[in-house]
Number of protein chains: 4
Amino acid sequence: MPPETTPNRSRRSESSRRAILDATYGLVLEKGYAKLTIEAIAARAGVGKQTIYRWWPSKGAVMFDSFLDVADDRSGEDVALPDTGDIAADLKAVLRATVDEYNDAAYSARLRALNAELLTDPKLSAELFERMLAPGLAAYLTRLEAARSAGEIAADADLETAIEVLLSPIHYRWQLGTGPLTHAFTDSIVDLVLTGLRPPRPRD
Amino acid sequence: MPPETTPNRSRRSESSRRAILDATYGLVLEKGYAKLTIEAIAARAGVGKQTIYRWWPSKGAVMFDSFLDVADDRSGEDVALPDTGDIAADLKAVLRATVDEYNDAAYSARLRALNAELLTDPKLSAELFERMLAPGLAAYLTRLEAARSAGEIAADADLETAIEVLLSPIHYRWQLGTGPLTHAFTDSIVDLVLTGLRPPRPRD
Amino acid sequence: MPPETTPNRSRRSESSRRAILDATYGLVLEKGYAKLTIEAIAARAGVGKQTIYRWWPSKGAVMFDSFLDVADDRSGEDVALPDTGDIAADLKAVLRATVDEYNDAAYSARLRALNAELLTDPKLSAELFERMLAPGLAAYLTRLEAARSAGEIAADADLETAIEVLLSPIHYRWQLGTGPLTHAFTDSIVDLVLTGLRPPRPRD
Amino acid sequence: MPPETTPNRSRRSESSRRAILDATYGLVLEKGYAKLTIEAIAARAGVGKQTIYRWWPSKGAVMFDSFLDVADDRSGEDVALPDTGDIAADLKAVLRATVDEYNDAAYSARLRALNAELLTDPKLSAELFERMLAPGLAAYLTRLEAARSAGEIAADADLETAIEVLLSPIHYRWQLGTGPLTHAFTDSIVDLVLTGLRPPRPRD
DNA sequence: AGCTAACCGAGACGGTACGTCTAGTCTTGAG
DNA sequence: CTCAAGACTAGACGTACCGTCTCGGTTAGCT
């Protein structure tokens, strides 16, 4: 993500880059994003401040990169959703795991930093989307398409919207605190999304 | 929201309070929340810095108050959802209006500030919920209960979850930029929430 | 000497002023002027950097003030030259004392700082002259006038020039290292200035 | 004069040496010594910084060398003082020329740089003396000895001291600003040094 | 109808961090 | 090897704000 002004990329010190990214990652967890400073990053990374300013335009960009860097490390991993043949059960299992992550203090701290930066600089969202969100969303899409093929889901269903409708309530509650982040909550989202609010058609 | 330590509330200058809140509100729109400073607020409000520190614990609290203050002004207003007898049409109309607000630059700027502060200081979410969110959510609940009584919605539907499922995708897209905030998007949310993904039960 | 922009003089903290001046004075002696930094002054004085920048335009100005401040403290003291009735003896005694000062390491360090700053910013010389040099030169003038009245010195002698001719060789040797700063050197200056180079007029 | 550590002198690039010295000389005149930086020298000379650090120990040494280099160029020139047979007239003419130089802005700027460096690093004075001062002082000595032989000056006069007494007041006024640098001033120095302050011996 | 304690505007203070600049060292690639 | 180029660690620069602390002036609410 470096802004590439004049500095010569080929001469860049990889060890400094790593040290900066690691220091940033650690400091956000320890002190929180609001108390993250460039000076602290430089000190912990054993790096001159100028080396940070040479390659990143802002503190937020460093933090952003440090998290995306971790995400990239995982990008080779298998992100496929389970497929037991029961779409409801599979979605519930995945969303339960997701909500457990949100309830983890360290994960939550990183997420807060990332979202705060996103709110400060919305231009970053495209990059965030591509490097962090897209792989996960694609996995959901694959699973839902399989369910559609299996006849569990209506042929004309809008799957892209469905994915966001499944995931966003978790993010919403986490950020706005409108209610507890429980397995019951995610289960009820899955039920709702799969069956809708409409009343059962009366037997005739 | 003032923390009330020792200062005597009855002696508080209402004109200073108003000037501070107004200055804050204006500065967030003009410069953005990240560049908001206590000194700038004090200067624009024609107020000593100490007067701010006396009544608020942080910059975020002032900003928060300045927005809630606007919300409180509206609290007498009618927040009821329309009821034409067609729950799908009514929800679509309301969500279209909501999405239009999110697409407004000024509203979006304020929302960014509010959410950024919330991520920095999650303790504020309870207050935010009570003063800004609760009235709106109550209105949704009222309308959905009416629909349930009318038989448009299943008797055992989880309406609280349904409301969050309706609203959160808008917030999600707005914040993460996963897609365009259009009327088509909100319409498809409503359809999804009302009918679900399940295929129509075959006529027998 | 503060440049007086906007800050309100009457609110100035005298204790901070003193601490800054004292810290500067001490640091020049310990580290030398070239290694004097505003940060070190602020740290030793227990003062914020801004408090220095508020009242002085540059590091040199602070140093300058810190030395003139010492000079001012002495300004009430008696700076008169001795008067034994023998102008040669009196001048030799005073110049021997002067040269001893120049040979003192601490005095020499301060003098180096002062002169270095003067070379960097010649505008300071007027102030230096008034506050540090003028009193001393006046004392010489008084003594030389007494000698003139006593007939030891020609009635039409240019005393102002004579004073500079007496003092400047010491400064010159000290700064350029053209030779050793000894009592023999200053004695010979006095002899030269009093009798000149001309051969004695032959007795006829 | 390079400090001679390890680098192999024979491989040294003469063109780089010249470019560095010339760039330094020019930058001192244009920006002043205080704003002279190694980076600016390297940039103007079209030279890597390391090439400067390899051959000189400090910025001051480069500047010093750049000026002595000019002085060395002149060392073949005739520096003898005029000899019209009238020592007073000859000295006045030379000192007038000297003071004119001091009043020249460019010469004064160089002199400031040189003296500032000398105050910062007194170890340089020996070198300065040998390469810049000594030839001039020797010329004075030659002329004064001629005057002594001619009977214009007392046989036992201390000529070395006399030379410093003649020259130092100019340097003193230039640096401390104790008075104007005029021909009248230098003339009166010559008169004073030649005749002294003593009153004319009464005719008997 | 004062008195007096508090709040008020103002802004200097001790600090922290900023983003920039320069020093002096180290690395790379060309000659 | 030396050299130009320039990235590196280090740390001071001067600025912007932080949150605290006086300072007079003013205002509210008790005597």
Side-chain angles (χ1 to χ4, degrees), chain A residues 6-13 15-17 19 35-43 45-55 57-59, chain B residues 6-13 15-16 19 35-43 45-59, chain C residues 6-13 15-17 19 35-43 45-55 57-59, chain D residues 6-13 15-16 19 35-43 45-59:
Chain A
T6 358
N8 184 336
R9 260 168 124 120
S10 68
R11 296 210 169 189
R12 184 167 187 181
S13 160
S15 65
S16 291
R17 197 188 75 88
K35 292 191 179 172
L36 182 69
T37 67
I38 295 272
E39 303 220 319
I41 295 171
V47 137
K49 287 199 290 174
Q50 198 55 54
T51 300
I52 300 179
Y53 286 111
R54 186 154 30 233
W55 302 109
S58 70
K59 173 181 70 168
Chain B
T6 0
N8 184 337
R9 260 168 127 121
S10 67
R11 293 201 165 205
R12 182 167 188 184
S13 160
S15 64
S16 291
K35 294 191 178 170
L36 182 67
T37 67
I38 294 273
E39 302 220 319
I41 296 171
V47 138
K49 287 200 289 174
Q50 197 55 53
T51 301
I52 299 178
Y53 286 110
R54 186 152 31 228
W55 303 107
W56 288 275
S58 70
K59 172 181 74 166
Chain C
T6 357
N8 185 338
R9 261 171 125 118
S10 68
R11 293 209 170 189
R12 183 167 188 182
S13 161
S15 64
S16 292
R17 197 188 74 88
K35 294 190 180 172
L36 182 68
T37 66
I38 294 270
E39 302 220 320
I41 296 172
V47 138
K49 286 201 289 176
Q50 198 55 55
T51 301
I52 299 179
Y53 286 111
R54 188 157 25 233
W55 302 109
S58 69
K59 174 181 71 168
Chain D
T6 357
N8 183 337
R9 257 168 126 130
S10 66
R11 291 201 168 212
R12 183 168 188 182
S13 159
S15 65
S16 289
K35 293 191 179 172
L36 182 69
T37 67
I38 295 273
E39 306 221 316
I41 295 171
V47 138
K49 287 199 292 175
Q50 197 54 52
T51 302
I52 300 179
Y53 285 111
R54 193 160 17 236
W55 302 109
W56 287 273
S58 70
K59 174 181 70 168

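No hydrogens, no waters, no symmetry mates; every other heavy atom, side chains included, goes into these values.
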Item to check | Over all atoms of both residues, closest heavy-atom pair of B:Gly48 and B:Ala42 | outcome: C-CB, 4.3 Å
Checklist entry - Relative to the 5' end of DNA chain F, which residue comes earlier, A:Ser13 or B:Lys35, by the nucleotide with the nearest heavy atom? => result A:Ser13
Item to check | Considering all heavy atoms, the nearest B:Leu36-B:Lys59 contact | outcome: O-CD, 3.2 Å
Item to check | Spacing of A:Arg54 atom CZ and A:Asn8 atom CG [to the nearest 0.5 Å] | outcome: 11.0 Å
Item to check | DNA chain F: 5'-proximal contact among D:Gly48 and C:Thr37 (nearest heavy atom) | outcome: D:Gly48
Checklist outcome for this item: On DNA chain E, more 5' by nearest nucleotide between C:Ala42 and B:Ala42 is B:Ala42
Item to check | d(CD1, B:Ile38; P, E:dA10) in whole Å | outcome: 16 Å
Next on the checklist: I need the NZ-P distance between C:Lys59 and F:dC13, as an integer number of Å.
Outcome noted: 7 Å
Checklist entry - When rounded to the nearest 0.5 angstrom, what is the spacing between CD in D:Glu39 and CD1 in D:Ile41? => result 10.5 Å
Checklist entry - Is any side-chain N or O of D:Lys49 under 3.5 Å from a base N or O of F:dG6, one able to act as donor and the other as acceptor? => result no
Checklist outcome for this item: Between the OG1 atom in A:Thr51 and the CZ atom in A:Arg12, the distance rounded to the nearest 0.5 Å is 9.5 Å
Item to check | Phosphate OP1/OP2 of E:dG14: any C:Ser16 side-chain N/O under 4.0 Å | outcome: yes
Checklist outcome for this item: So CD of D:Gln50 and CH2 of D:Trp55: to nearest 0.5 Å the spacing works out to 11.5 Å
What N/O pairs connect the protein and nucleotides 25-31 of chain F at under 3.5 Å? Give each pair on its own line.
none

Item to check | Side-chain donor/acceptor contact of A:Gln50 with base of E:dC21 under 3.5 Å | outcome: yes
Checklist outcome for this item: To the nearest angstrom, the CG-P distance between B:Leu36 and F:dA16 comes to 17 Å
Item to check | Short side-chain N/O contact from D:Thr51 to OP1 or OP2 of F:dT2, under 4.0 Å | outcome: no
Item to check | Nearest-angstrom distance from the residue atom CD1 of A:Ile52 to C1' of F:dA7 | outcome: 14 Å
Checklist entry - How many Å lie between CD on C:Glu39 and P on F:dT15, as a whole number? => result 13 Å
Item to check | Atom-pair distance (CZ on A:Arg17; P on F:dC8), nearest Å | outcome: 12 Å
Next on the checklist: Go nucleotide by nucleotide along DNA chain E from the 5' end; which of C:Ser15 and B:Val47 gets its closest nucleotide reached first?
Outcome noted: B:Val47
Next on the checklist: Taking 4.0 Å as the cut-off, does a side-chain nitrogen or oxygen of D:Arg12 come that near to OP1 or OP2 on F:dT2?
Outcome noted: no
Next on the checklist: In this structure, how many angstroms lie between the P atom of E:dG19 and the CZ atom of A:Arg54, rounded?
Outcome noted: 16 Å
Checklist entry - Just how far, in rounded Å, is C1' of E:dC13 from CH2 of C:Trp55? => result 11 Å
